[in-house]
Undergrad: 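Submitted below is the structure of interest, expressed as structure tokens.
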Amino acid sequence: GKRRMSRIIGIGLALALVMGGAAVRAQESVFSGLARLEAETSSITDSRHGVEVTLSLSQGVPYRVYTLDAPPRLVLDFQEVDWQGIGAGDLIAGARVKGL
């Protein structure tokens, strides 16, 4: 319902802010192939009203955010990101998110 969409929009806005920061950092350095996820400053945590996703990338990349049903889930679709060496246990800190 409305509450679920509010959470999804909130997550999308938080993600946009994080990605905006990555884009600024990227402008300060030379673009090089795939963006790297910086696990030490990235997390997926429970928040008061849902889930907070913080992903720090080495450079800005194109992305899409959408939801799917059965089971309900949020999809964060990134292009050109190297996820190698990063697992669910490196990012998830909370009970609401069940997996990546």
Side-chain angles (χ1 to χ4, degrees):
K2 283 186 177 182
R3 189 170 187 182
R4 180 174 174 220
M5 285 308 294
S6 294
R7 281 189 223 153
I8 291 167
I9 291 170
I11 290 169
L13 291 174
L15 180 62
L17 291 173
V18 169
M19 293 303 298
V24 169
R25 287 194 306 273
Q27 290 175 357
E28 296 171 355
S29 64
V30 176
F31 282 101
S32 61
L34 296 176
R36 289 179 318 280
L37 179 70
E38 299 170 355
E40 59 278 352
T41 55
S42 298
S43 64
I44 301 172
T45 57
D46 292 345
S47 70
R48 186 171 162 208
H49 298 289
V51 173
E52 181 174 312
V53 178
T54 303
L55 300 175
S56 297
L57 301 175
S58 60
Q59 62 191 38
V61 297
Y63 67 94
R64 296 182 302 162
V65 177
Y66 56 95
T67 60
L68 296 173
D69 292 321
R73 58 206 179 273
L74 175 68
V75 178
L76 308 173
D77 183 13
F78 294 91
Q79 293 181 13
E80 305 170 5
V81 174
D82 180 4
W83 299 93
Q84 187 173 357
I86 306 297
D90 298 318
L91 298 176
I92 298 174
R96 290 189 176 142
V97 176
K98 303 298 181 203
L100 297 179

Undergrad: Can you find a heavy atom in the side chain of Gln79 that is under 4.5 Å from one in the side chain of Val61?
TA: no
Undergrad: How many angstroms lie between CZ in Arg36 and CD in Gln84, if you round to the nearest 0.5 Å?
TA: 12.0 Å
Undergrad: How close do Tyr66 and Asp77 get, heavy atom to heavy atom, and via which atoms?
TA: CE2-CB, 4.2 Å
Undergrad: Tell me whether Ser42 contacts the main-chain N or O of Ser56 through its side chain, where contact means a donor paired with an acceptor under 3.5 Å.
TA: yes
Undergrad: Heavy-atom distance under 4.5 Å between the side chains of Leu91 and Leu37, does that happen here?
TA: yes
Undergrad: Roughly how far apart are Ile92 CD1 and Ser43 OG, rounded to 0.5 Å?
TA: 11.0 Å
Undergrad: Under 3.5 Å, side chain of Asp46 to main-chain N/O of Gly94, donor-acceptor pair present?
TA: no
Undergrad: Roughly how far, to the nearest 0.5 Å, is the CG atom of Leu55 from the CZ atom of Phe78?
TA: 5.0 Å
Undergrad: Under the side chain to side chain contact (heavy atoms under 4.5 Å, CB included) criterion, do Thr54 and Thr41 qualify, and how do the steps go?
TA: CA-CA 8 Å; Thr54 303; Thr41 55; over 6 Å; no
Undergrad: Under a 4.5 Å cut-off applied to non-hydrogen side-chain atoms, are Leu76 and Tyr63 in contact?
TA: no
Undergrad: For the side chain of Arg96 and the backbone of Ser47, is there at least one donor-acceptor N/O pair under 3.5 Å apart?
TA: yes
